[in-house]
Amino acid sequence: MTAAPQSHAHDSDSSFRPPLTARLHDWVTTVDHKRIGLMYVIMSLLFLVVGGIEAMLIRFQLWTANNTLVSADTFNQLFTMHGTTMIFFVVMPMIAGFANYLVPLMIGCRDVAFPRLNALGFWLSLFGGCILYLSYFTGKGLYGGGAAPDVGWFAYAPLTSPAYARGGSVDYWILGTMVSGIGGITFAVNLIATIVTMRAPGMRLGQVPLFVWMMLIDAWLILFAFPPLTAAQVMLLMDRHLGAHFFDTQAGGSAVLWQHLFWFFGHPEVYIMALPAFGIISEVVPVFSRKVIFGYTSMAMATAAIGFISMGVWAHHMFTVGMSDALDAIFSAASFLIAVPTGIKIFNWTATLYGGRLRLKTPMLFALGFLTMFLIGGLTGIMLAAVPVDWQVSDSYFLVAHFHYVLFGGSLFALMAGFYYWFPKATGRMLGEELGRLHFWLLFVGFNVLFGPMHVSGVLGMPRRVYTYQPGQGWEVWNQLSTIGGVIMGIGFLCFFGNVMHSLFRGKSAGSDPWDAWTLEWATTSPPAVYNFEVVPEVRSRRPLWDLKHPEDPDWKHE
Amino acid sequence: MLLVPGLVLCATSESTWGQIPEMFDPAGPNAESVRSVFWLVLAVCTVIFIVVGGTILAFVIRFRERTIDAETEPPQFYGSQPIELAWTLAPALTVLMLALVVIRSVIELRTAPPMQHDQRVRVVGHQWWWEFEYPDYGFSTANELVIPVSEGDQRRSIHLQLESADVIHSFWVPRLAGKTDLIPAKTNEMWLAADQEGTYFGRCAEYCGTQHAKMLIRVDVVSEAAFVQWVEQQKKPAAWNQAVQTGHDRFMELACANCHTIRGTDARGRFGPDLTHLMSRHALASGIMENTQANLTRWIKNPNLDKAGCRMPNMRLSDEDVQAIVDYLLTLR
Ligand SMILES: [Cu+2]
Ligand SMILES: [Cu+2]
């Protein structure tokens, strides 16, 4: 490993400390992409705690049949808030945070293209989350008191019409996700502009790190998927408050229209959350295998293919609504098709392992966890794409298991890998390795104990979103396993937060390139100075630092 | 990973864990053909999982860093077009095969078998109970579907016409068929048939509001003869018994009659379940409790005790009224 000099930025930071208010003011008014990135991540972690607590309440309620820990209404609010929170206010901001922090560093520029728009995006996301949670205090509107929305995270019409959802809680759901969604759109525009126009001299678009490439596709997906959602939400608001009838089935509106509009956003959203994960894995796996990524080009092409196909599969969420045979067949086939580019990725990552020298540090453990868990999630996805199977298991716990393997075992594991990988860059300190391992193993075991049994309770006939169930159906034991898994994961996250707190102040100092990595962000100090780079190294290949470290066998000879 | 052992566990140790997963234990041709597709994709996916997962595991074990002093980097492979082409084509062919199987099975399953012996039932989803109307016989019942068994050359298929009175629900009886949604302002169709007499349970599978969890279905599959007898019984208007005159009167005077129908009386409400032959049903309030005198009393005193937020109000009746009404309802056989 190359020992890099201790960062200067870090020293000067600690020698002079302005008063707290001034520092807070600095953070609130900042337009620096790194600070905004960090704020996104902090926001995401806060909401992760909230969403996690909601999940645990759900799990405890389902411990036995006819349990009465929480009421039906409370439970329905819990799963709605859990889903909405995790998707819009945990995974999305975490992704935005990573992209904000890393993309400019990875392509060797000073900041994003529109720094102030960037700040706007962050504050919109945060305020969106605040609006959503305000419902707990004032959600009942004129009926007084508070109530969170209880319509599920995809808020199917006509359950959202004033006749079935009294008070304002659904409006809070609409506004919260809409405001943060607009934040997401600004983020995407900004990211595209940055990646397309601000790359370091010499870096062609075909040479950006795969994380950057995948974020580029991701940003396009956001740009295509979010505006339809916003439009649908405006239509819903008009239904609710201006007497329109888009989704009002009593007056000629269509309940299925909402489903089409929602899933036109909702399915790409799954890939919006997955592509950045793929990007992180494509950075972590090579570095910790000490090998170049296998098949950069096919990786990039597969990503673009996923982007395209994922826009055309939304109705696989609707196989039970009674569409025509032709539609069912087309959407089923398209959903199968997406397995091809996804398969390419998994094979390429696996091939990257081959012949490598695997350093099983925490980021790599999480990356391997991702590989296996995502594999399972992908395979159950194939099962769900088989229409007749979907008729049986959709809206059952099998489905719940499937998408948690994709979003938790997939996205969140990858984000955790990224967190351990780039934490030293952002803070100048390493995250503790022992606690990190403990965190990983608790999470990995807990995750499988939590979500594995759900496949079984699903095929045993347990539908999702039930606040309780009747005894004697053989569901208890699987639910109890799940709950135990949840507790294990909870402990895992305690380790994580303990680790972060401890390492922030006491962690081993990192130096600029602790992992002996190859992309540009490791060429500057940890944490980087405001201006990012003093000198941008010459970029002639996909791994500029490899070229620097191995002048005898540089990458550009092979590309 | 846990799925496969879990399933095996379920299937083998029935007595310990309860039962064979319903969808793997079909009681009719519809659910049966879904099961065969399920087995196929499950098998394909399991093989893929074992191969890919095993490869990853093998690579991790084989190639993990052993000596700390390994200073040189391993050889770099940048990719290989033939290999990448191979693992593009292999999955493509696999999913093509699956897609063809699926399309065939969708078409097969959607087209119901020949219609000579069919039974039509109109299913209307309500928050949070099921209305089953038998249009051929002119009566309707609630929450418990009774259908004739289909045996030998007497193939009886049941055509369900699915509608909703309020929000979206989904009709799901795993041992008989996959689910189909009930959508307001849209009429869906599905069919099912049962090879074995018996009782099959199902439930609403689309979140439909507060008491979605307590919207259960019971399907009784009975012999042809028993079915005919049941239909004859259901077709009759409500029984009349002088002894329960007070209960009858209270039922008509209080709001009950606005929401419930009892054929042969003045009660013609359509908002709640038809009570004409209430006591021929096994359970109350969409399968949440047995249909006994005690439960009936409890329900009418305050439906919210067992189904908080349900659409039948707590009418704050006096104990005498409740008693009288229950006595009356008990005669509705
Ligand atoms: Cu989807
Ligand atoms: Cu329901």
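Proteins come first, then strands; the chains are lettered A, B, ... in the order of their sequence lines, and each starts at number 1.
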S.K.: Between B/Gly202, B/Ala308, B/Ala31, B/Ala99, which shows the greatest number of heavy-atom pairs under 4.5 Å with chain A?
M.R.: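 The answer is B/Ala99.
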S.K.: Under 4.5 Å, heavy atom to heavy atom: which of residues 289-299 of chain A reach chain B? Give them by number, or say none.
M.R.: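 Those residues of residues 289-299 of chain A which have a heavy atom under 4.5 Å from chain B are A/Ser289, A/Arg290, A/Lys291, A/Val292, A/Ile293, A/Phe294, A/Gly295, A/Tyr296, A/Ser298.
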S.K.: Taking the side chain as every heavy atom from C-beta outward, state whether B/Val106 and A/Pro388 have any pair of such atoms under 4.5 Å apart.
M.R.: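 Yes, close enough: below the 4.5 Å cut-off.
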S.K.: In terms of heavy-atom pairs under 4.5 Å, which option from A/Val321, A/Thr249, A/Ile344 contacts chain B the most?
M.R.: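 Of the options given, most contacts go to A/Val321.
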S.K.: Tell me, side chain or backbone of B/Ala86 under 4.5 Å from chain A's heavy atoms, or both, or neither?
M.R.: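 Neither part; nothing is under 4.5 Å.
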S.K.: Need one label for A/Phe247: side chain, backbone, both or neither, based on atoms under 4.5 Å from any heavy atom in chain B.
M.R.: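 No part of A/Phe247 comes within 4.5 Å of chain B.
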S.K.: Indicate whether the side chain of B/Gln76 and that of A/Trp546 have a donor and an acceptor atom separated by less than 3.5 Å.
M.R.: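 Short answer, no.
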S.K.: Report yes if some heavy atom in the side chain of B/Asp181 is under 4.5 Å from a heavy atom in the side chain of A/Thr320; otherwise report no.
M.R.: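 A side-chain contact exists here, since the closest heavy-atom pair is under 4.5 Å.
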S.K.: Is the closest side-chain heavy-atom distance between A/Ile376 and B/Phe49 below 4.5 Å?
M.R.: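 Yes, at least one pair of side-chain atoms sits under 4.5 Å.
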S.K.: Sort B/Ile288 into side chain, backbone, both or neither according to what part of it lies under 4.5 angstrom from a heavy atom of chain A.
M.R.: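 It is both, since atoms from each part get that close.
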S.K.: As an exercise: rank B/Ser80, B/Pro74, B/Gly79 by heavy-atom pairs under 4.5 Å with chain A and give me the winner.
M.R.: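 Heavy-atom pairs under 4.5 Å are most numerous for B/Pro74.
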S.K.: Is it the case that A/Asp395 and B/Tyr207 place a side-chain donor and acceptor less than 3.5 Å from each other?
M.R.: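 There is no such pair between these side chains.
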S.K.: Under 4.5 Å between any side-chain heavy atoms of B/Glu84 and A/Phe347, yes or no?
M.R.: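 Counting from C-beta outward, B/Glu84 and A/Phe347 never come under 4.5 Å.
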S.K.: Counting heavy-atom pairs under 4.5 Å with chain A, which one of B/Ile168, B/Val102, B/Val41 comes out on top?
M.R.: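 That would be B/Val102.
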S.K.: Identify which part of B/Ala92 has an atom lying under 4.5 Å from any heavy atom of chain A, answering side chain, backbone, both or neither.
M.R.: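 For B/Ala92, the contact with chain A is made by backbone and side chain together.
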S.K.: Looking at B/Val37, B/Leu100, B/Thr210, which one has more heavy-atom pairs under 4.5 Å with chain A than the rest?
M.R.: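 Going by pairs under 4.5 Å, I would pick B/Thr210.
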S.K.: Can you name the closest pair of heavy atoms from A/Asp516 and B/Glu73 and give their distance?
M.R.: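 Scanning both residues, the minimum pair turns out to be OD2-OE2, 3.9 Å.
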S.K.: Looking at side-chain heavy atoms only, is the closest gap between B/Ile56 and A/Trp349 below 4.5 Å?
M.R.: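 No, their side chains stay 4.5 Å or more apart.
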S.K.: Do A/Val393 and B/Met23 make a side-chain contact, defined as non-hydrogen atoms from C-beta onward lying under 4.5 Å apart?
M.R.: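 Side chain of A/Val393 against side chain of B/Met23, heavy atoms only: contact under 4.5 Å found.
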S.K.: Indicate the atoms forming the closest heavy-atom contact of B/Lys214 with A/Thr468, along with that distance.
M.R.: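 Looking at all heavy atoms of both residues, the closest pair is CE-CG2, 3.9 Å.
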S.K.: Based on non-hydrogen pairs under 4.5 Å, which of A/Asn76, A/Ile346, A/Val387 is most in contact with chain B?
M.R.: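 Winner by heavy-atom pair count: A/Asn76.
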S.K.: Check each atom of A/Gln259 against the heavy atoms of chain B and say whether the ones under 4.5 Å are side chain, backbone, both or neither.
M.R.: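 Interface part for A/Gln259: side chain.
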S.K.: Is the side chain of B/Lys186 donor-acceptor paired with the backbone N or O of A/Ala255 at a distance under 3.5 Å, no angle test?
M.R.: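 Side chain of B/Lys186 to backbone of A/Ala255, a donor-acceptor pair under 3.5 Å: no, none is there.
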S.K.: Does any heavy atom of chain A fall under 4.5 Å from the side chain of B/Trp172, the backbone, both, or neither of them?
M.R.: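 Looking at B/Trp172, just its side chain touches chain A.
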S.K.: With rounding to the nearest 0.5 Å, note down the distance linking OH in B/Tyr78 to NZ in A/Lys557.
M.R.: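 So the OH of B/Tyr78 and the NZ of A/Lys557 are separated by 10.5 Å.
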S.K.: Can you tell which part of B/Ala177 gets under 4.5 Å to a heavy atom of chain A, answering side chain, backbone, both or neither?
M.R.: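 For B/Ala177, the contact with chain A is made by the backbone alone.
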S.K.: Name the option with the most non-hydrogen atom pairs under 4.5 Å to chain B; the candidates are A/Asn348, A/Asp390, A/Val256, A/Asn66.
M.R.: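 Highest number of pairs under 4.5 Å: A/Asn348.
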S.K.: For B/Arg64, look at atom CZ and say whether over 12 heavy atoms of other residues, nucleotides or ligands are found less than 6.0 Å away.
M.R.: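 No, not enclosed.
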S.K.: For B/Asp166, is it the side chain, the backbone, both or neither that has a heavy atom under 4.5 Å from a heavy atom of chain A?
M.R.: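 Its backbone and side chain both get close to chain A.
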S.K.: If you count heavy-atom pairs within less than 4.5 Å of chain A, which of B/Ala185, B/Pro184, B/Pro91 leads?
M.R.: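 Winner by heavy-atom pair count: B/Pro184.
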S.K.: Based on non-hydrogen pairs under 4.5 Å, which of A/Gly343, A/Gly355, A/Ser71 is most in contact with chain B?
M.R.: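 The candidate making the most pairs under 4.5 Å is A/Gly355.
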S.K.: Going through the checks in order, is the side-chain contact (heavy atoms from CB on, under 4.5 Å) test met by A/Tyr467 and B/His212?
M.R.: CA-CA 8 Å; A/Tyr467 75 91; B/His212 162 60; over 6 Å; no
S.K.: Among side-chain atoms of A/Gln470 and B/Arg203, is any donor-acceptor pair under 3.5 angstrom?
M.R.: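 No, no side-chain donor-acceptor contact under 3.5 Å.
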S.K.: Mind checking the CH2-OG spacing from A/Trp391 to B/Ser105? Nearest 0.5 Å is all I need.
M.R.: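 Between atom CH2 of A/Trp391 and atom OG of B/Ser105 there are 6.5 Å.
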S.K.: Looking at chain B, which one of A/Ser457, A/Pro463, A/Gly253, A/Gly356 has the largest number of heavy-atom pairs inside 4.5 Å, strictly under?
M.R.: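 The answer is A/Gly356.
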S.K.: Count the heavy atoms belonging to other residues, nucleotides or ligands that lie under 6.0 Å from CE of A/Met301, then report whether that count exceeds 12.
M.R.: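 It does not: A/Met301 CE has 12 such atoms or fewer within range.
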S.K.: Against chain B, work out which of A/Leu360, A/Asp325, A/Val466, A/Val340 has the most heavy-atom pairs shorter than 4.5 Å and name it.
M.R.: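 Maximum pair count with chain B is reached by A/Asp325.
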S.K.: Is it the side chain or the backbone of A/Arg542 that comes within 4.5 Å of chain B heavy atoms, both, or neither?
M.R.: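 When you check distances to chain B, no heavy atom of A/Arg542 falls under 4.5 Å.
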S.K.: With chain A as the partner, which of B/Ile107, B/Leu98, B/Leu57, B/Val44 has the greatest number of non-hydrogen pairs under 4.5 Å?
M.R.: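 Heavy-atom pair counts peak at B/Leu98.
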S.K.: Answer yes when A/Arg357 and B/Glu65 have at least one side-chain N-carboxylate O distance shorter than 4.0 Å, and no when they do not.
M.R.: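 Result for this pair is no, no salt bridge flagged.
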S.K.: Side chain from CB out, backbone as N, CA, C, O: work out which of these in B/Ser33 comes under 4.5 Å of a heavy atom of chain A, or both, or neither.
M.R.: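 No part of B/Ser33 comes within 4.5 Å of chain A.
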S.K.: Heavy atoms, side chains only, cut-off 4.5 Å: are A/Leu353 and B/Phe63 in contact?
M.R.: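 They are not in contact (no side-chain heavy atoms under 4.5 Å apart), so the answer is no.
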S.K.: Using heavy-atom distances under 4.5 Å, tell me whether A/Phe75 contacts chain B through its side chain, its backbone, both, or neither.
M.R.: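 Neither; nothing under 4.5 Å.
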S.K.: If every non-hydrogen atom of B/Arg110 is compared with every non-hydrogen atom of A/Ser324, which pair is closest and at what distance?
M.R.: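 Nearest pair, atom of B/Arg110 first, then A/Ser324: NH1-C, 3.9 Å.
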S.K.: So which part of B/Val60 gets closer than 4.5 Å to some heavy atom of chain A, the side chain, the backbone, both or neither?
M.R.: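 Both parts, backbone and side chain.
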S.K.: I need the minimum non-hydrogen distance between A/Leu358 and B/Phe59, along with the two atoms involved.
M.R.: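 Minimum heavy-atom separation between A/Leu358 and B/Phe59: CD1-O, 3.9 Å.
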S.K.: Can B/Gln127 and A/Tyr164 be counted as having a side-chain donor-acceptor contact under 3.5 angstrom?
M.R.: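 On atom types as modelled, these side chains do not qualify, holding no pair under 3.5 Å.
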S.K.: Given a strict heavy-atom distance threshold of 4.5 Å, which part of A/Ala157 is in contact with chain B: side chain, backbone, both, or neither?
M.R.: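 For A/Ala157, backbone heavy atoms alone lie under 4.5 Å from chain B.
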S.K.: Does any backbone or side-chain atom of A/Tyr156 lie under 4.5 Å from a heavy atom of chain B? Answer side chain, backbone, both or neither.
M.R.: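 The side chain, not the backbone.
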S.K.: Roughly how far apart are B/Leu216 CG and A/Tyr469 OH, rounded to 0.5 Å?
M.R.: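 It comes to 14.0 Å.
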